[in-house]
Amino acid sequence: MSAPRLNTDRLVEVGVQAEIAHPSHSGTYSVDSYGRPIILPGMAGVVANARVGDLVFPWAADHLEPGVSAGNSQRDRYQALQFLACIGNVVRVLNGPAAGAEGRVTGKHAFVLVDFPQDALDVLAPGDALLVRAVGQGLRFVDFDDVAARSCSPALVEGMGLEARDDGRLRVQVTAEVPAFMMGAGLGMSSEWANCDVMFTRREVVERLGFGDVRLGDVVAMHDQDHRYGRGYRAGMLAFGVVAHGGYGGVPGHGMGVATIFSGPRQRFEIVRSPDANLRNHLDLAD
Amino acid sequence: MATATINDTELLRTALVGDVTSPVLGINPYDVSADGVPFVSVGAGGVCYTVRVGSAADGWAADQVEPGASIANPDAAANEALLLHACVGNRVTVRTGTAAGARGVVTGKHEAFHAYKHVLVHLAPDVLDGLVPGDRLLVHASGRGMTVDGLPELACHSLGPELWEAWAPERAGEQLRLRVTRVLAPEVVGMGSGRVSGATSIALQAGADEALHGLRIGDIVAVRDWDATYYTGYHEDRVTVGVVSTGDSPVLGNGPATTILLSGPAAALDFEIDATANLADLLELA
């Protein structure tokens, strides 16, 4: 076995402008899966006390985006940021008291999600300027033509310890495997855009399906999911992703967000369960 | 068994308007199919002369083709109200243009993420021939607020009293007995999870359930383990019933857009499989 060959030397790295987005609100209540009106934090801005590596669920939050949520107020630049930023990319703070701090892209949702060291998270504010060193769009597994990489940086592939087996399969470590019937909001969208929600909006379902120990940043497998050209159900296909957003929040049809990193036929993969399959380890994130 | 009843004397009839839309495309016109093949999307927006309620849902060179006339209010907030209040079966009157005075019927709703929200209207072929984008249609909206007598746990959405009467659900003890063309597995639902139940559609993904074979636009279908009380999402032991409003899609995670009629506990709903449980038959659409 060896590391899978990539076309890393052909990839272009570009600087993409971003800024920490400010939370916004509709001015009214949403409704959770128990029929209760809710107003819960989680999306946009800076979440300083929930980070990649922490448990997904035990938070009073909806669409909890750990760390920093990076966006761009210009629509076309925002789209470029969404499609060019890849998980594992390096991000630098350009102004404010945390200027110079370095973080890593750890997920995607309505924003690009970035983990920074705790001392930076404590002082970062909406509006602070960021630069994403975007590289990964165009990434290919040279010996796996039928496996499509999506929002996946070469650094992530290396950090994950993927292995190309002699029998032509890719060995992938995951913490959990998601059944197709749980896939919700995010199906039908582009593979690179935001993520796809696993419909964990009720605690009893999290417990029944055994997902209580899943952590933000975990690598998970999604069964019967084809995420090569968009996202949808397809028997015999597999998609892999990283847990990008969490919280017990609860608008039905939403839940734990998983950002796609690659997808291909089931027979091209060997799934290995490992509790250590988390971005905190894979990207060696700073405390 | 007895015919089930609703709070029909409590329901308001209100006037909302929508204009006939025209198709929209980006500067780059290509979408990408599930197999990675680029294509130009055809079928949503404007007037469709070819595909009608009762037609097959698949087999068209199109992406979620909207049968008949597709309308929307040009004011975004007014369009939200149109989408919430127009119900399947409601009568429609053409107000402007050469087809003014013609009558039609609301047959469904169709939402494309971050793009458009349309109400779909059936009109006779000779009326469609005279209809143009911009013509104003009046929807005689009724149904929002509907409850089923004795079954308060059922949530009704986009279900007009006209369709209720034609569908004629029956009451058997503590259950409502509904005619549907098929009962589907929860993994058929693609794009549309997490949406506001009353205003929108959910897509049925091709290949996720063999029971989708032979699906027609206008078919009433049930989805197991799916709730649409407030928003659309997975919920074991609940069932959601909808009506197929558009054709199929080549895009992953998409498929025929299905408008939600009602949702409730599985224990409160019983289904009779009936191939004629289609709007074309029930509402006698010409």
(message) With a sphere of 6.0 Å drawn around NE2 of B/H213, does it hold more than 12 non-hydrogen atoms of other residues, nucleotides or ligands?
(response) no

(request) Under 4.5 Å, heavy atom to heavy atom: which of residues 225-239 of chain A reach chain B? Give them by number, or say none. (result) A/D226, A/R228, A/Y229, A/G230, A/R231, A/G232, A/Y233, A/R234

(message) Counting only heavy atoms not in A/E204 (residues, nucleotides, ligands), do more than 12 fall under 6.0 Å from its CD?
(response) yes

(message) Are the side chains of B/H114 and A/W193 in contact, using a 4.5 Å heavy-atom criterion?
(response) yes

(message) So for A/V251, is it side chain, backbone, both, or neither that comes closer than 4.5 Å to the heavy atoms of chain B?
(response) side chain

(message) For the OH atom of B/Y231 and the CG atom of A/D32, what is their distance to the nearest 0.5 Å?
(response) 10.0 Å

(request) Please determine, among B/S193, B/A228, B/G207, the option with the most heavy-atom pairs under 4.5 Å with chain A. (result) B/S193

(message) Using heavy-atom distances under 4.5 Å, tell me whether B/S249 contacts chain A through its side chain, its backbone, both, or neither.
(response) neither

(request) Tell me, yes or no, whether the heavy-atom count around A/N7 atom CG, taken from other residues, nucleotides or ligands under 6.0 Å, exceeds 12. (result) yes

(message) Please classify the contact of B/T232 with chain A as side chain, backbone, both or neither, using a heavy-atom distance under 4.5 Å.
(response) backbone

(request) Applying side chain to side chain contact (heavy atoms under 4.5 Å, CB included), run through B/Q205 and A/L187 and close with a yes or a no. (result) CA-CA 10 Å; B/Q205 305 183 83; A/L187 293 179; 3.9 Å; yes

(message) Only pairs of heavy atoms separated by less than 4.5 Å count here; which of B/A206, B/G190, B/A208, B/P186 has the most with chain A?
(response) B/A208

(message) Counting neighbours of CZ on B/F113 that are heavy atoms of other residues, nucleotides or ligands and sit closer than 6.0 Å, is the number greater than 12?
(response) yes

(message) So, taking the atom named OH in B/Y230 and the one named OH in A/Y34, what distance separates them when rounded to the nearest 0.5 Å?
(response) 14.5 Å

(message) Quick check: do B/E236 and A/V205 have side-chain heavy atoms less than 4.5 Å from each other?
(response) yes

(message) Between B/D225 and chain A, with a heavy-atom cut-off of 4.5 Å, which part of the residue counts as in contact: side chain, backbone, both or neither?
(response) neither

(request) Please list, chain by chain and in numerical order, all residues satisfying side-chain contact (heavy atoms from CB on, under 4.5 Å) with B/P265, sequence neighbours excluded. (result) B/E153, B/L154, B/R238, B/A268

(request) Evaluate whether atom CZ of A/R268 has more than 12 neighbouring non-hydrogen atoms of other residues, nucleotides or ligands under 6.0 angstrom away. (result) yes

(request) Let me know if A/S190 has heavy atoms under 4.5 Å from chain B in its side chain, its backbone, both or neither. (result) neither

(request) Could I get the full list of side-chain contact (heavy atoms from CB on, under 4.5 Å) partners for A/R215, not counting sequence neighbours? (result) A/L55, A/D218, A/N278

(request) Any side-chain hydrogen bond (donor to acceptor under 3.5 Å, both in side chains) involving residues 250-268 of chain B? Give me the pairs, sequence neighbours left out, ordered by first then second residue. (result) B/D227-B/S263, B/T240-B/S263, B/S245-B/T259

(request) Please check if atom CZ in A/R208 has more than 12 non-hydrogen atoms from other residues, nucleotides or ligands closer than 6.0 Å. (result) yes

(request) Answer with side chain, backbone, both or neither: which region of B/V251 has an atom nearer than 4.5 Å to a non-hydrogen atom of chain A? (result) side chain

(message) Report which part of A/M189 has an atom under 4.5 Å of a heavy atom belonging to chain B: side chain, backbone, both, or neither.
(response) both

(request) Look at A/M199, A/H254, A/R202, A/M182 and state which one has the largest set of heavy-atom pairs under 4.5 Å with chain B. (result) A/R202

(request) Under 4.5 Å heavy-atom distance to chain A, tell me which part of B/A203 shows up: side chain, backbone, both or neither. (result) neither

